[in-house]
Amino acid sequence: MPELPEVETTVKGLTVILNQKISNVKIHTPKLRFKIPNNIINILRNSKISNLRRIAKFIIIDLDTDYSLVIHLGMSGRLKTVNKSYKRIKHDHFVMYFLSKRILVYHDPRRFGFIDIVETKNLRKKKYILNLGVDALSPELSAQMIFEKISKSEVPIKQILLNQKLIAGIGNIYASEILFDSKISPLTLGKDLEISLIMKLIKSTRKILKKAVKYGGSSIRDFRSTDGTLGNFQSDFKVYNKEGKKIRGDEVRKIIQYGRSTFYCPKLQNNK
DNA sequence: CGTACGACCTGCCCGC
DNA sequence: TGCGGGCAGGTCGTAC
């Protein structure tokens, strides 16, 4: 998906609907990853958008009632905001119309994303939120805490970075980029990471993700923020999708870990 | 319990 | 040109 920076960029792009009143809602595809709740239309209609936020890779749209709309973009989900001239295209699954004539469209070819409506006070009790670890950009992310949680882990650090129960927000692209930046091999087992290396890893995590947010999300060549403009970070990938590229005398390699691609430089990423 | 892997989907790109 | 295979930003359920 959209990883943390793309979700953050999407949320920022949604400020155009802040305080706007929903006039109508259309569900064109009842089931995405999960079924869209039946009562969603009644709850959304005539309510106003009161707040927008991100929890890990989840988009939270708070209403001026007691409810919040939750959107996860899966692998290929996008939100676009358009004006009255909107023509529905393939994979536009869910559409919200505003009194202002602005329109919010959820578009998702693979339908791995989902849309939910929950009482705001119960949001943190939802399983998909409850199980999340500390946000990758939270100041509360500490090396000590991560060290304690992975000090017995036989799982390679690349896979650990993708575990949302530990650190939430990192996905497959930024995992490779973060490991390259911190000069840590993706193959290093959790139990073999000294605390000093974990500190380095956290530093790189903040550096890489903040930069990606600043540039408006990356990532994949066709990521667009809600107004349709492309993210700019793609030119900044050092290793992801760069198999064979030479970096300071080392060559980017592609390996498969747990069925997912990892890109890294074996000599540069030597944990020193 | 932690871990490993297939499943869920469509589209695109590559090689034959 | 067409077709089959493999791969793609994520996460969950199941089987050890």
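Both backbone and side-chain heavy atoms feed into the values below; hydrogens, waters and symmetry mates do not. Quick note on labels: first sequence line is chain A, next is B, and so on, each numbered from 1.
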(Q) It should be established whether A:His72 places a side-chain nitrogen or oxygen under 4.0 Å from OP1 or OP2 of nucleotide C:dT11. (A) yes

When rounded to whole Å, the CG to C1' distance for the pair A:Asp116 and C:dC12 reads 15 Å

So the stems of DNA chain C, runs of at least three Watson-Crick or G-U pairs (under 3.5 Å), are B:2-8 with C:10-16, B:10-16 with C:2-8

Residue set satisfying side chain to side chain contact (heavy atoms under 4.5 Å, CB included) with A:Asp181, at least two apart, ordered chain then number -> A:Ser204, A:Lys207, A:Ile208

The nucleotide from C:dA8, B:dT10, C:dG10 with an atom nearest the side chain of A:His91 is B:dT10

In whole angstroms, the gap separating P of C:dG10 from CD1 of A:Ile71 amounts to 18 Å

Rounded to whole Å, NZ of A:Lys35 lies from C1' of C:dC12 at a distance of 20 Å

With a 4.5 Å cut-off on side-chain heavy atoms, are A:Tyr240 and A:Asn172 touching? yes

Grouping ILVMFWY residues whenever side-chain heavy atoms fall under 4.5 Å, the cluster of A:Tyr86 otherwise contains A:Val82, A:Val95, A:Tyr97, A:Ile103, A:Val105

When you compare the side chain of A:Ile117 with that of A:Leu63, does any pair of heavy atoms fall below 4.5 Å?
yes

Worksheet item: Taking the six-membered ring for Trp, is the centroid-to-centroid distance between A:Tyr128 and A:Phe114 below 6.0 Å?
Response: yes

Whole-Å distance, A:Phe237 CZ to C:dA8 P, equals 14 Å

Give a yes or no on whether A:Met199 atom CE has more than 12 heavy-atom contacts from other residues, nucleotides or ligands under 6.0 Å away. no

Contact list (N/O, under 3.5 angstrom) for nucleotides 2-9 of chain B vs protein:
unit_1, atom_1, unit_2, atom_2, d
B:dA4, OP2, A:Tyr258, OH, 2.4
B:dC9, O3', A:Arg111, NH2, 3.3
B:dC9, O2, A:Arg110, NE, 2.8
B:dC9, N3, A:Arg110, NH2, 3.3

Heavy atoms, side chains only, cut-off 4.5 Å: are A:Val239 and A:Glu177 in contact? yes

Whole-Å distance, A:Ile170 CD1 to C:dT11 P, equals 12 Å

Residues in residues 122-137 of chain A with a heavy atom under 4.0 Å of DNA chain C, by number, are none

Can A:Lys12 and A:Leu52 be said to form a side-chain contact (heavy atoms from CB on, under 4.5 Å), step by step? CA-CA 8 Å; A:Lys12 282 180 184 164; A:Leu52 301 159; over 6 Å; no

| task | Would you check, one step at a time, whether the test side-chain contact (heavy atoms from CB on, under 4.5 Å) holds for A:Arg54 with A:Leu4? | result | CA-CA 9 Å; A:Arg54 174 185 68 74; A:Leu4 184 154; 3.3 Å; yes

From CD of A:Gln257 across to C1' of C:dG10 the rounded distance in Å is 17 Å

Donor on one side chain, acceptor on other, A:Ser68 and A:Asp62, under 3.5 Å = yes

Here the side chain to side chain donor-acceptor pair (under 3.5 Å) pairs for residues 244-258 of chain A, sequence neighbours left out, are A:Gln257-A:Thr262

Whole-Å distance, A:Leu4 CG to C:dT11 P, equals 11 Å

To the nearest angstrom, the CG-C1' distance between A:Leu73 and C:dG10 comes to 11 Å

Practice item. For nucleotides C:dC12 and B:dG11, find the distance between their P atoms and express it as a whole number of Å. Key: 24 Å

message = Using OP1 and OP2 only, check whether a side-chain N or O of A:Lys90 sits under 4.0 Å from B:dG11.
response = yes

- Hey, mind stepping through A:Asp66 and A:Thr120 against side chain to side chain donor-acceptor pair (under 3.5 Å) and telling me if it holds? CA-CA 6 Å; A:Asp66 295 330; A:Thr120 307; over 6 Å; no

